[in-house]
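Numbering starts at 1 and runs along the sequence shown.
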Amino acid sequence: MAEEGQAVSLNCYDITGGMARNLSRGFLGKQIDGIWHTGIVVFGREYFWSGEIYDMAPGRTPFGTPTKTIQLGTTFVTKDVLDDYVNSLRPQYTPAAYSLISNNCNNFTNEINQLLTGNSNPPEIMQQAEEIFSTPAGAAFKPIVMQLEAQLRQSLPASGQPYPAFPNMQAAQNLLGGLQPSQSPAQQQPQQQPKPLLSCQGSVNQTVAKLLTVKRGTLTPEEEEGLNQLRIYLPPGVAPSSVASPPPGVITAFFDRALSSWPYTDRFYALFLFRLFLLASPVARYYASLPDRASLQRLLVRSMAATELLPLRLLAVAAFGNLFATQEGRDYARTPAVIDAVLPLVLPLVSSDDASAKQTAAGTVYNYSLVLDTETGVMNNCSSALVDAFLKAKPPTTADQRALMALEQFARHSNDVAGNLAANADFQGALIACCAPENPLCDVATRLLQHINA
């Protein structure tokens with residue numbers, strides 16, 4: 001790891017040339033600011049996937065000038081480690097593997113972002129297909145995208161030439177043209193039951209292989225066996241949520257040692273794996289059943305408290321947030337001792353100037369907002385921190401979306417919270433300013449205003 005952190009950002013290119021922003025609300029019933037190609041910028045280079053993996057001078061790629069740049073945070077991963085990781089991904093990211101819908105440039109930059117910052121790309125990037133196809137007009141939209149993808153495959157470039165965003169601008173116009181306006185809000189289906197925000201991306205196999213390389217010659221036989229057993233316990237193609245067997249002791253012993261005593265350089269990889277490990281229901285059940293119920297929180301709190309190492313802190317917060325994937329994990333996270341140990345370390349991050357820190361911390365607070373209903377004092381403390389963070393943002397951005405989502409849930413669960421929000425004129429004014437149709441926070445800000453003023 002480098003002694004001084006390197007800034008990490010995400011260059012975003014709207015491959016519709018502004019048509020998504022101008023036409024989407026009329027055709028889809030919701031604002032889509034762009035259909036994004038992205039590239040990760042770090043160490044003075046921009047890494048992206050366009051049929052093959054490339055790195056070029058930032059903003060000098062075939063996609064032209066970025067529509068916007070999102071600051072993702074800071075990394076302490078060295079360029080050598082990054083380049084080794086990128087090279088390990090080349091067999092996975094080929095022209096034949098490309099899919100506009102399910103496996104595109106954003107999936108690639110998301111993997112790199114997770115390595116560098118321990119965080120995922122913003123939801124507006126990773127969930128754009130889901131947002132589009134969830135609308136009534138999405139049924140008409142998806143065949144057009146699939147037809148466009150077929151055109152792209154027929155025009156695959158020669159090796160070494162970037163894969164085009166669209167064959168031509170007419171194809172881009174066809175993508176948004178000819179669709180009928182969606183149903184009015186009154187005709188649309190009720191909002192689905194909110195779900196926790198989880199950090200699920202990443203490959204156990206690839207990360208174990210990387211860790212075995214990084215720690216070659218220094219792993220004990222027990223540690224090496226723990227890593228190999230983890231590959232078997234969470235095999236490729238099997239969702240952690242479907243794992244039913246208890247975790248082998250050699251795996252839990254590996255994480256106890258790695259997260260307690262390994263240096264930061266190596267603990268980063270161990271935390272990356274632990275984050276996925278916690279998605280399995282038997283894992284949360286195991287830690288909740290230990291006589292020393294504080295053992296899990298100690299493993300994570302040690303890294304959450306590393307104030308000088310922001311990427312490690314964020315990865316630990318993301319790992320803790322994954323406890324909310326299972327009922328056993330939610331029950332554990334809700335115990336007073338865990339709340340008292342974790343929230344004082346998480347809440348200060350929601351006011352961070354680092355967008356990835358703000359998003360990760362607010363995501364965990366949002367997960368708490370889904371399960372807390374009688375803990376009035378805790379909900380008031382969380383809401384106060386979120387309001388302060390929201391008012392500090394000038395202006396609020398998509399990084400503040402999770403804060404508003406959490407406040408919405410707290411207000412629904414607690415009349416005290418709802419009353420405090422309604423009485424805060426500055427907060428209400430900031431919400432009203434977010435209600436312009438083109439504002440990405442419009443929907444959640446409008447819902448929250450309606451609820452607290454009902």
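- One N or O on the side chain of Asn107 and one on the backbone of Asn104 form a donor-acceptor pair closer than 3.5 Å.
- Among all heavy-atom pairs drawn from Val338 and Gln297, the shortest one is CG2-OE1, 3.3 Å.
- For Gly59 against Pro66, the heavy-atom pair with the smallest separation is CA-CD, 4.2 Å.
- In the model, Ser303 has a side-chain atom that pairs as donor or acceptor with a side-chain atom of Arg267 under 3.5 Å.
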* Give the C-alpha distance, both sets of side-chain angles, the deciding distance and a yes or no for salt bridge (Lys or Arg N to Asp or Glu O under 4.0 Å) between Glu375 and Arg334. => CA-CA 10 Å; Glu375 299 89 339; Arg334 192 175 176 177; 2.7 Å; yes
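- Glu224 and Asn228 share no donor-acceptor pair across their side chains, judged by distance under 3.5 Å alone.
- Defined by atom type and a distance below 3.5 Å, a donor-acceptor pair is missing between the side-chain atoms of Gln401 and Gln359.
- A donor-acceptor contact shorter than 3.5 Å links the side chain of Thr335 to the backbone of Tyr332.
- Listed for the Thr252 side chain is a donor-acceptor partner under 3.5 Å among the backbone atoms of Gly249.
- The nearest pair of heavy atoms linking Cys12 to Thr38 is SG-CG2, 4.0 Å.
- A salt bridge links Glu124 with Lys68: the distance from a Lys NZ or Arg NE/NH1/NH2 to an Asp or Glu carboxylate oxygen falls below 4.0 Å.
- Between Arg298 and Asp292 there is a salt bridge, since a side-chain N of the basic residue sits under 4.0 Å from a carboxylate O of the acidic one.
- Between Phe324 and Tyr368, the angle of the ring planes goes over 60°, which puts this pair in the perpendicular group of the 30/60° scheme.
- Ser383 places no side-chain N or O within donor-acceptor distance of the main-chain N or O of Asn380, the cut-off being under 3.5 Å.
- With sequence neighbours excluded, the residues satisfying side-chain hydrogen bond (donor to acceptor under 3.5 Å, both in side chains) with Thr69 are Asn11.
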* Verify side chain to side chain donor-acceptor pair (under 3.5 Å) between Glu328 and Ser281, making sure each step is shown before the conclusion. => CA-CA 7 Å; Glu328 294 85 354; Ser281 182; 2.8 Å; yes
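- Judged by distance alone, the side chains of Ser120 and Gln114 do bring a donor and an acceptor atom under 3.5 Å apart.
- Ring-plane geometry between Trp49 and Tyr93 is classed as perpendicular, the angle between the planes exceeding 60 degrees on a 0 to 90 degree scale with a lower cut at 30.
- Listed here is the closest heavy atom pair of Ala280 and Thr326: C-CG2, 4.2 Å.
- Formation of a donor-acceptor pair under 3.5 Å by the Asn367 side chain with backbone atoms of Pro196 is not found in this model.
- His413 places no side-chain N or O within donor-acceptor distance of the main-chain N or O of Thr374, the cut-off being under 3.5 Å.
- The residues Lys392 and Asp400 are annotated as not salt-bridged, no charged nitrogen and carboxylate oxygen being separated by less than 4.0 angstrom.
- Of all heavy-atom pairs between Tyr54 and Ser50, the closest is CE1-O, 3.6 Å.
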* To do: For salt bridge (Lys or Arg N to Asp or Glu O under 4.0 Å), just list the numbers for Asp83 and Lys79, CA-CA rounded to whole Å, side-chain angles, deciding distance to a tenth of an Å, and then say yes or no.
  => CA-CA 6 Å; Asp83 288 341; Lys79 189 174 187 303; 2.8 Å; yes
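- A donor-acceptor contact closer than 3.5 angstrom links the side chains of Asp354 and Ser356.
- Residues Phe255 and Phe277 bring their aromatic ring centres within 6.0 Å.
- For the pair Arg275 and Phe272, the cation-pi test (distance below 6.0 Å, angle within 45°) is passed.
- Counting all heavy atoms, side chain and backbone alike, Ser414 lies closest to Thr376 at OG-CG2, 4.3 Å.
- Looking at Arg90 and Glu52, no side-chain N of the basic residue comes within less than 4.0 Å of a carboxylate O on the acidic one, giving no salt bridge.
- Between the side chain of His451 and the backbone N or O of Ala411 there is at least one donor-acceptor pair closer than 3.5 Å.
- The closest donor-acceptor contact from the side chain of Arg402 to the backbone of Ala362 lies at 3.5 Å or more, if one exists at all.
- When atom types are taken as modelled, the side chain of Tyr233 and the backbone of Ser245 share a donor-acceptor pair closer than 3.5 angstrom.
- The distance between the ring centers of Trp36 and Phe63 does not fall below 6.0 angstrom.
- For the 3.5 Å distance criterion, the side chains of Arg330 and Gln327 qualify, holding a donor opposite an acceptor.
- Between the side chain of Thr75 and the main chain of Leu116, a donor-acceptor pair closer than 3.5 Å is present.
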